[in-house]
Amino acid sequence: MNRLKENHLPSLKLWKTARVVPIHKSGDITLVSNYRPILLLPVMSKVLEKCVYTQLRDYYQYWNYVTPDQSGFRPNHSTTTALLKVCNDIQTGMEQGNLTGAIFLDFAKAFDTVDHGILLEKLKNSGIGDRTLTWFQSYVSDRSQYVSISGSSSLPLPVTCGVPQGSILGPLLFTIFINDLPNVCKASTVHMYADDTVIYTSKPNLPQLEAVLQEQFTEVEKWIKNNKLFLNTDKTVTMLFGTAPKLHKLQNPHLCVGTKSIGMLTTVTSLKYLGMWLDPNLSFGPHIEKLSSKLYPKLGALYRNKSCLSPAVRKQIVQQMLMPAIDYGDVVYAAAPQTHLHKLTTLYNSFCSFALQCKYMTHHCDMLKELNWPSLESRRTLHLSSLVFKSISGKLPQYLNRLLPPAAPSSYNLRSRNSTLLAIPQYKKTVARSSFSYRAPQLWNNLPDTIKSSPSLKSLKSSLLTYLNTECTCKHVT
């Protein structure tokens, strides 16, 4: 960091002034709360920030400073890897016969309420020198912003707290600000994606679970107060996970966790976490149901305008606008019951029918063959295999790499002596066999050695698609 030549951000007022453009999200257009503020910063300030960001990021990576419990704004990390980690831990708890209780924290305007004094102190404690610290003090101070809408602009007002949203440095600075939160949770697991934070633990019974979570939440509330952040109490909720028989035995299946200042937290039975709906059994039925309900109206609107769309455009719309919603998190929900997955298969077939404008009774295998698209099951296999390949290549977070240890040497057979085999945990319960730590090695070990030994991810995907593109086994008349 001592490569920074100046102690101050250039004093140009323009470089520290943000233009705020409100974008309507949904609901009543007259309500301010229904708008999302988009902050626009000068391009030149971002160029300078990029240079500083690269040095600061490399510094923290070299010292391995950022907590492994943070998945936001980090290479090789994503919302999907975070979901895999949290869900895998819950499913492992179910295998052990435990209940898992989770507290989902919702910070109120977390990026906008960061205290500059506390941020600078944390930067100093992380090893940043005085000269560089002076630069960051200049960076966060004397900022202003104004609102621009319909060609009119407000007067600029000073910004006295928060990290600049829309900036290059802002996300990294927030990551450092919240980096020590897991330190106060000694008896539970914390996982964060930026400010999306979940605290969870597994115990054999509800009283033990509540006692631990209450203790942890009390410590977290102290941390929040000391760091001058605020919780959105209406959206900070608890959730109880367990197998259906385990939860059925409970007379009152909810968690009693709270404090005097906040009150008792609400226990919910479904929750959208990092874009995926979770349910107490992790069956992912609610997620698939909501996903279908979201996509069918979009498909209907496209059908009503099909005469305006060429075949190539229809195909492109499906691939780029509709399929990403189904692909998102499919490695997490891939082991959901077939009754749930079949709904997505039916939806996918409707996508194919729209792209081809073929007859209603056209068999799905014929459509997939004409489009040269893999089935949904093949897509999920491809995505999960790609994750394993990335893990073996060292391109996944450590918290996922630890879930895929190599198999013991004695388990290698002659056919696979030169390939990588992974250890498969001895899980007995169906819900645990739905976990990433079970499905991923099981799938990988059953792949041909020629695919597993692919020299690159691109090569693996190409070979795997060819391998999965087998003739349809459905008995139908073409």
Side-chain angles (χ1 to χ4, degrees), residues 21-29 34-36 38 78-80 150 272 274-277 284-334 336 338-384 386 457-458 461-462 464-474 476-478:
V21 179
I23 302 297
H24 182 248
K25 295 186 292 184
S26 61
D28 190 346
I29 62 174
N34 289 335
Y35 286 80
R36 177 182 288 109
I38 304 298
S78 66
T79 53
T80 297
S150 300
K272 192 175 185 181
L274 299 180
M276 180 161 289
W277 286 90
F284 300 105
H287 175 74
I288 292 174
E289 188 67 38
K290 291 179 182 294
L291 184 59
S292 300
S293 300
K294 173 184 174 182
L295 292 177
Y296 269 119
K298 292 184 177 181
L299 182 62
L302 290 170
Y303 261 111
R304 289 191 292 272
N305 295 277
K306 62 183 180 181
S307 59
C308 305
L309 306 172
S310 67
V313 170
R314 290 198 301 269
K315 185 176 179 180
Q316 190 173 17
I317 287 175
V318 171
Q319 289 178 309
Q320 298 185 6
M321 294 181 60
L322 301 179
M323 285 311 300
I326 291 183
D327 287 341
Y328 176 73
D330 63 354
V331 292
V332 182
Y333 70 73
Q338 284 300 319
T339 51
H340 297 321
L341 294 176
H342 182 69
K343 296 178 181 179
L344 293 182
T345 301
T346 302
L347 179 60
Y348 185 44
N349 293 341
S350 298
F351 289 172
C352 296
S353 179
F354 165 74
L356 293 172
Q357 290 294 287
C358 54
K359 294 180 180 179
Y360 175 73
M361 295 302 292
T362 305
H363 196 272
H364 62 272
C365 292
D366 295 331
M367 292 190 293
L368 292 176
K369 185 176 181 180
E370 184 172 347
L371 289 165
N372 195 27
W373 289 355
S375 66
L376 277 190
E377 184 178 359
S378 295
R379 292 175 76 97
R380 292 191 287 265
T381 298
L382 176 65
H383 297 156
L384 188 57
S386 298
L457 181 59
K458 183 178 180 180
K461 290 180 178 180
S462 177
L464 192 53
L465 279 174
T466 302
Y467 172 72
L468 295 172
N469 189 24
T470 54
E471 290 295 326
C472 175
T473 56
C474 301
H476 71 285
V477 178
T478 58

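The first residue in the sequence is number 1, and the count goes up from there. Quick note: numbers below take in every heavy atom, side chains included, and nothing from hydrogens, waters or symmetry partners.
- Contact of the P374 side chain with the L368 side chain is not registered, since no non-hydrogen atoms from C-beta on lie closer than 4.5 Å.
- Shown here for K294 and P297, the closest heavy-atom pair between the two residues is O-CD, 3.6 Å.
- Between the side chain of Y328 and the backbone N or O of T80, no donor-acceptor pair lies under 3.5 Å.
- With hydrogens and angles ignored, the 3.5 Å screen pairs no side-chain donor or acceptor of Y348 with any backbone N or O of S375.
- In the displayed structure, K315 atom NZ is contacted under 6.0 Å by more than 12 heavy atoms of other residues, nucleotides or ligands.
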Original post:
What's the verdict on side-chain contact (heavy atoms from CB on, under 4.5 Å) for Y35 and I29, showing C-alpha distance, side-chain angles and the deciding distance?
Top reply: CA-CA 8 Å; Y35 286 80; I29 62 174; 3.6 Å; yes

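- Using modelled atom types, no side-chain atom of H342 and backbone atom of Q338 make a donor-acceptor pair closer than 3.5 Å.
- Here the shortest heavy-atom pairing between G27 and N34 reads C-ND2, 3.7 Å.
- A donor-acceptor pair under 3.5 Å is formed between the side chain of Q357 and the backbone N or O of F354.
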**OP:** Starting from the C-alpha separation in whole Å, work towards a yes-or-no answer on side-chain contact (heavy atoms from CB on, under 4.5 Å) for F351 and L302.
**Re:** CA-CA 10 Å; F351 289 172; L302 290 170; over 6 Å; no

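- In this structure, N349 contributes its side chain and H364 its backbone to no donor-acceptor pair below 3.5 Å.
- The closest side-chain heavy-atom distance from L468 to L464 is below 4.5 Å.
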Original post:
Should R379 and M323 be marked as a side-chain contact (heavy atoms from CB on, under 4.5 Å) after you check the CA-CA gap, both sets of side-chain angles, and the distance that decides it?
Top reply: CA-CA 11 Å; R379 292 175 76 97; M323 285 311 300; 3.6 Å; yes

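- Inter-residue side-chain proximity for L295 and I326 is flagged as met; some heavy-atom pair is nearer than 4.5 Å.
- Once rounded to the nearest 0.5 Å, the distance linking OG of S350 with CE of M367 reads 8.0 Å.
- In this structure a side-chain-to-backbone donor-acceptor pair under 3.5 Å is missing from R36 to K25.
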**OP:** Show the numbers, then the answer: is there a side-chain contact (heavy atoms from CB on, under 4.5 Å) between Y303 and S353?
**Re:** CA-CA 10 Å; Y303 261 111; S353 179; 3.5 Å; yes

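- For Q319, the CD atom is densely surrounded, since the number of other residues' heavy atoms within 6.0 Å is greater than 12.
- Other residues, nucleotides and ligands place more than 12 heavy atoms under 6.0 Å from the CG atom of N305.
- The minimum heavy-atom distance between K343 and S292, with the atom names listed, is CB-OG, 4.3 Å.
- In terms of heavy atoms, L341 sits closest to A334 at CD1-O, 3.3 Å.
- With S293 contributing its side chain and E289 its backbone, the two residues share a donor-acceptor pair below 3.5 Å.
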